[in-house]
Amino acid sequence: ITESMIMRDVEAAHTLMMELKALGMQLAIDDFGTGYSSLSYLHRFPTDTLKIDRSFVSSMENSAEDHDIVETIISLGQKLSMKLVAEGIDSPEQLKLLKIAGCHYGQGYFFSRPLSAEQATHFLEQSLSATAPFESASMGVEP
């Protein structure tokens, strides 16, 4: 759910989110940092995940201000026990900075361009088969 969508009708969004949570769904706020939400709303909504908007991630290497914003969002999410996803990771340096800051997950062209369902299945199968021997060996199991 995008931050801006939530802010269009806060009460309706809250009601819908509570209904979805009651069904056992996990909820993420997408594009966090680009809307005009209050921190009190963030705490009030039953959100599991914050997705940090790519506009901050893409410029965090060259902008101390955007780097600080990303670190602040990560710290806030950690304090609220939320999962954190950085959008728009395009370089190994961005990934490194996000890992140091404590971001849990990432998405972006650094990992892969958009894929069809068939391509994604193949990509995941290849990734799993490439890491399986390493993971087995590291756990003391013969590959």
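The structure displayed is predicted, hence computed values, not measured ones.
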So do the side chains of Leu16 and Glu19 get within less than 4.5 Å of each other, counting heavy atoms only?
yes

Honestly curious: do Leu115 and Tyr105 fall in one hydrophobic cluster under the side-chain, below-4.5 Å linking rule?
no

Indicate if Leu98 and Ile69 have the same hydrophobic cluster label, given that clusters are the connected sets of ILVMFWY residues with side-chain heavy-atom separations under 4.5 angstrom.
yes

For Glu61 against Ser91, the heavy-atom pair lying closest together:
OE2-OG, 3.1 Å

CZ/Phe111: more than 12 non-hydrogen atoms of other groups inside 6.0 Å
yes

hydrophobic_cluster_shared for Ile29 and Val85, side chain cutoff 4.5 Å
no

Treating Gln94 as the side-chain partner and Val57 as the backbone partner, does any N or O pair qualify as donor plus acceptor under 3.5 Å?
yes

Find out if a path of hydrophobic residues (ILVMFWY) with successive side-chain heavy-atom gaps under 4.5 Å connects Phe45 to Met25.
yes

For residues Leu84 and Ile74, report the shortest heavy-atom separation together with the two atoms involved.
CD1-O, 3.4 Å

Provide the closest heavy-atom pair for Ile1 versus Met5 in the form atom of the first, atom of the second, distance.
CG2-CE, 3.2 Å

Gap separating the CG atom of Leu20 from the CG atom of Leu27, nearest 0.5 angstrom:
5.5 Å

So how far is it from Lys99 NZ to Ile89 CD1, rounded to the nearest 0.5 Å?
9.5 Å

Specify the closest pair of heavy atoms between Phe123 and Ser112, including all atoms of both residues, with the distance to one decimal.
CZ-CB, 4.3 Å

Between atom NE2 of His104 and atom NZ of Lys83, what is the distance when rounded to the nearest 0.5 Å?
9.5 Å

Do the non-hydrogen side-chain atoms of Ile52 and Phe32 ever get within less than 4.5 Å of each other?
no

Reported CZ-to-CE distance for the pair Arg44 and Met17, which is rounded to 0.5 angstrom:
10.5 Å

I would like to know whether Glu71 and Met60 meet side-chain contact (heavy atoms from CB on, under 4.5 Å); could you show each step before the answer?
CA-CA 10 Å; Glu71 283 189 334; Met60 67 183 289; 5.9 Å; no

Are Leu124 and Tyr109 connected in a single hydrophobic cluster, I mean Ile/Leu/Val/Met/Phe/Trp/Tyr linked by side-chain heavy atoms less than 4.5 Å apart?
no

Specify the closest pair of heavy atoms between Gly88 and Arg54, including all atoms of both residues, with the distance to one decimal.
CA-NH1, 3.2 Å

Rounded distance [0.5 Å steps], CG in Leu50 versus CG in Asp30:
10.5 Å

For Ala86 versus Cys103, what's the shortest heavy-atom pair and its separation?
N-SG, 3.7 Å

Gap separating the NZ atom of Lys21 from the CD atom of Gln26, nearest 0.5 angstrom
6.0 Å

Phe110 atom CZ: more than 12 heavy-atom contacts under 6.0 Å:
yes

Give me the one residue out of Thr47, Thr49, Leu76, Asp48 that meets side-chain contact (heavy atoms from CB on, under 4.5 Å) with Met82.
Thr47

